[in-house]
**Student:** 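Before I ask anything, here is the structure I am working with.
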2 protein chains.
Amino acid sequence: MKPTKTYILDDQIGHILRKVSQRHTSIFTSEMPLDLTPTRFAAMAKLLEQGPLSQNELGRLTAMDIATIKGVVDRLRVRKLVESKKDPKDARRQLIKLTGKGEDVIQAAIPDALEVTKQTVDALTKAETKQLLKLLSKLL
Amino acid sequence: MKPTKTYILDDQIGHILRKVSQRHTSIFTSEMPLDLTPTRFAAMAKLLEQGPLSQNELGRLTAMDIATIKGVVDRLRVRKLVESKKDPKDARRQLIKLTGKGEDVIQAAIPDALEVTKQTVDALTKAETKQLLKLLSKLL
DNA sequence: TATATATGATTAGTATACAAACGACTAGAT
DNA sequence: ATCTAGTCGTTTGTATACTAATCATATATA
């Protein structure tokens with residue numbers, strides 16, 4: 001008789017990753033006083049870091065699919081946090097850049113985001129956090 | 001003059017978690033030959049583990065919001081992988097259970113899911129994997 | 001130059017994910 | 001017995017996330 005393989009969902013790395021990500025999102029939502037989601041924040045933080053980028057570039061740098069980044073940029077544009085204009089060098093591209101308001105918002109949000117990171121790894125020592133980041137990075 | 005805090009997106013635990021989760025989902029999608037998403041698989045695996053459960057219970061055990069688990073169960077029901085009936089003990093509840101087909105499908109999928117887990121942590125030694133799971137579990 | 005290939009962006013469709021508001025029902029306290 | 005607090009489930013709305021199809025534009029190369 002063929003033995004049934006045991007499969008305990010809660011022991012699987014994928015399920016654990018999902019739950020840890022959920023907790024992070026939850027911390028982000030409760031700690032971020034501005035109307036910013038994790039992805040909207042990520043897009044703006046990357047624009048602050050890198051300056052104007054094409055939409056696809058921004059997506060690649062924030063690990064968002066081209067369809068996903070489009071929605072994120074659209075919602076940021078509605079809120080006047082970013083604006084886009086044609087790239088004079090390449091007619092296919094839309095250059096996305098922070099507005100003045102967008103820059104103010106992201107600057108104001110960064111301390112809160114650092115606090116989110118801090119709270120997320122609250123249960124770990126500094127050494128454990130470093131080790132965790134090292135191990136996770138190996139999985140990319 | 002107030003110094004601008006540096007914020008490097010790629011160093012933040014939340015962003016790294018998101019990317020690792022994306023990679024896991026991608027492995028799942030390519031390795032799973034059946035028409036199963038990670039959440040559909042998780043719901044069925046938990047039903048196999050625990051037997052019939054109410055919809056809300058199933059959601060809690062799989063870390064899905066009540067609105068999310070509803071959609072997942074609906075889609076599983078359309079595919080005749082689960083069925084629901086009134087709980088005779090509590091008129092509010094719908095008891096969700098695997099169908100015969102559902103049981104066959106989840107049993108067949110388990111080896112593939114174990115392979116997904118294996119590939120996800122491929123870059124780590126056994127000891128590193130154990131350490132990673134331990135650290136992640138502390139964050140829950 | 002002509003063409004093949006690659007890249008940028010949009011759209012449609014499916015599937016999570018969560019908040020908020022609602023109605024139905026249970027169980028515990030009084 | 002009734003009131004109340006909590007639970008179960010649905011629905012609506014917003015926001016990711018990815019696939020596939022499509023179209024426009026660039027670039028490389030034959």
Side-chain angles (χ1 to χ4, degrees), chain A residues 14-15 17-30 32 34-44 52-79 81-82 84-96, chain B residues 14-15 17-30 32 35-44 52-79 81 84-96:
Chain A
H15 192 64
L17 282 169
R18 200 165 134 270
K19 290 201 285 184
V20 175
S21 292
Q22 281 177 346
R23 176 162 168 277
H24 175 263
T25 301
S26 162
I27 293 170
F28 188 100
T29 304
S30 66
M32 186 59 65
L34 305 163
D35 180 28
L36 285 180
T37 60
T39 51
R40 289 214 286 258
F41 175 87
M44 292 177 73
L53 295 167
S54 82
Q55 191 170 284
N56 279 13
E57 270 175 337
L58 180 56
R60 281 192 294 273
L61 293 173
T62 51
M64 291 181 225
D65 183 79
I66 57 166
T68 301
I69 192 66
K70 181 186 191 306
V72 173
V73 166
D74 283 350
R75 284 182 289 275
L76 287 173
R77 198 164 32 217
V78 165
R79 288 163 176 79
L81 298 172
V82 305
S84 63
K85 58 167 188 151
K86 280 252 166 61
D87 184 335
K89 306 236 188 73
D90 186 335
R92 293 167 304 179
R93 296 189 182 207
Q94 292 285 331
L95 273 184
I96 316 295
Chain B
H15 192 63
L17 282 169
R18 201 165 132 270
K19 290 200 285 184
V20 175
S21 292
Q22 281 177 347
R23 178 163 166 276
H24 174 264
T25 300
S26 162
I27 293 170
F28 188 100
T29 304
S30 66
M32 186 59 64
D35 180 28
L36 285 180
T37 61
T39 50
R40 290 214 285 258
F41 174 88
M44 294 177 73
L53 294 167
S54 83
Q55 191 170 284
N56 279 12
E57 271 175 336
L58 180 57
R60 281 194 294 273
L61 293 173
T62 51
M64 291 181 224
D65 184 81
I66 58 166
T68 301
I69 193 66
K70 180 188 191 303
V72 172
V73 167
D74 283 351
R75 286 183 287 276
L76 287 174
R77 199 163 33 217
V78 165
R79 289 164 175 80
L81 298 172
S84 62
K85 60 169 187 148
K86 282 250 166 61
D87 184 336
K89 305 236 189 74
D90 187 334
R92 291 168 304 180
R93 295 189 183 208
Q94 292 284 329
L95 274 185
I96 316 293

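Basis for what follows: all heavy atoms, side chains included, without hydrogens, waters or symmetry-related copies. Naming convention: chains lettered A, B, ... in sequence-line order (proteins, then strands); numbering from 1 in each chain.
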**Student:** Atom NZ in K19(B), atom OG1 in T62(A): separation rounded to 0.5 Å?
**Tutor:**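 The OG1 atom of T62(A) is 9.5 Å from NZ of K19(B), to the nearest 0.5 Å.
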**Student:** Identify the heavy atoms of A63(A) and H15(B) that sit nearest to each other, and give their distance.
**Tutor:**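 Closest approach of A63(A) to H15(B), heavy atoms only: CB-CE1, 4.4 Å.
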**Student:** Counting only side-chain N and O atoms of R79(A), is one of them less than 4.0 Å from OP1 or OP2 of dA15(D)?
**Tutor:**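 For dA15(D), OP1 or OP2 has a side-chain N or O of R79(A) closer than 4.0 Å.
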**Student:** How close do A43(A) and L76(A) get, heavy atom to heavy atom, and via which atoms?
**Tutor:**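 That would be CB-CD1, 4.1 Å.
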**Student:** If the condition is side chain to side chain donor-acceptor pair (under 3.5 Å), which residues does R77(A) pass it with, not counting sequence neighbours?
**Tutor:**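 Applying side chain to side chain donor-acceptor pair (under 3.5 Å) to R77(A) gives D74(A), S84(A).
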**Student:** Taking only the side-chain nitrogens and oxygens of R60(B), find out if one of them lies under 4.0 Å from OP1 or OP2 of dC8(D).
**Tutor:**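 Answer yes for this pair, as a side-chain N or O of R60(B) is under 4.0 Å from OP1 or OP2.
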**Student:** Closest-nucleotide mapping onto DNA chain D: is D35(A) or Q55(B) further toward the 5' terminus? I mean the 5' end.
**Tutor:**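 It is Q55(B) whose nearest nucleotide is closer to the 5' end.
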**Student:** At less than 4.0 Å, is any side-chain N or O atom of R93(B) found next to OP1 or OP2 of dA24(C)? Yes or no.
**Tutor:**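 Checking dA24(C) against R93(B), no side-chain N or O comes under 4.0 Å of OP1 or OP2.
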**Student:** Got a list of protein N/O to nucleotides 1-6 of chain D N/O distances below 3.5 Å?
**Tutor:**
{"from": "dG6(D)", "atom 1": "N2", "to": "R92(B)", "atom 2": "NH1", "distance (Å)": "2.9"}

**Student:** Is the distance from OP1 or OP2 of dT10(D) to the nearest side-chain N or O of Q94(B) less than 4.0 Å?
**Tutor:**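 Answer no for this pair, as no side-chain N or O of Q94(B) is under 4.0 Å from OP1 or OP2.
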**Student:** Does OP1 or OP2 of dC18(C) have a side-chain N or O of Q22(A) closer than 4.0 Å?
**Tutor:**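 Answer is yes, contact under 4.0 Å.
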**Student:** Taking atom P of dT14(D) as reference, at what distance in whole Å does atom CG of L76(A) sit?
**Tutor:**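 It is 17 Å, rounded to the nearest whole Å.
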**Student:** Rounded to the nearest angstrom, tell me the gap between atom CZ in R40(B) and atom P in dA17(C).
**Tutor:**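 Those two atoms, CZ and P, are 12 Å apart.
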**Student:** Are R40(A) and L81(A) close enough that some pair of their side-chain heavy atoms sits under 4.5 Å apart?
**Tutor:**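 They are not in contact (no side-chain heavy atoms under 4.5 Å apart), so the answer is no.
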**Student:** About how many Å separate CD1 of I66(A) and CG of N56(A), when rounded to the nearest 0.5 Å?
**Tutor:**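 With rounding to 0.5 Å, CG (N56(A)) is 5.5 Å from CD1 (I66(A)).
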**Student:** Which nucleotide wins on minimum distance to the side chain of S54(B), given the candidates dA17(D), dG9(D), dT25(D)?
**Tutor:**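 Nearest to the side chain of S54(B) among the choices is dG9(D).
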**Student:** Distance from Q94(B) atom CD to L58(B) atom CG, nearest 0.5 Å?
**Tutor:**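 Here the rounded value is 13.0 Å.
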**Student:** For the pair made of CG in D87(B) and P in dT7(D), what is the distance, rounded to whole Å?
**Tutor:**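 About 16 Å, once rounded to whole Å.
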**Student:** Would you classify T25(A) as touching base, sugar-phosphate or nothing, given that sugar-phosphate means primed atoms plus P, OP1 and OP2, and contacts are heavy atoms under 4.0 Å?
**Tutor:**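 Contact class for T25(A): none.
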**Student:** List in numerical order all residues of residues 61-75 of chain A for which some heavy atom is under 4.0 Å away from an atom belonging to DNA chain D.
**Tutor:**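 Residues of residues 61-75 of chain A that come under 4.0 Å of DNA chain D are, in numerical order, D65(A), A67(A), T68(A), V72(A), R75(A).
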**Student:** Please report, rounded to the nearest Å, how far the C1' atom of dA27(C) is from the CG atom of D90(B).
**Tutor:**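 The distance from CG of D90(B) to C1' of dA27(C) comes to 10 Å, rounded to the nearest Å.
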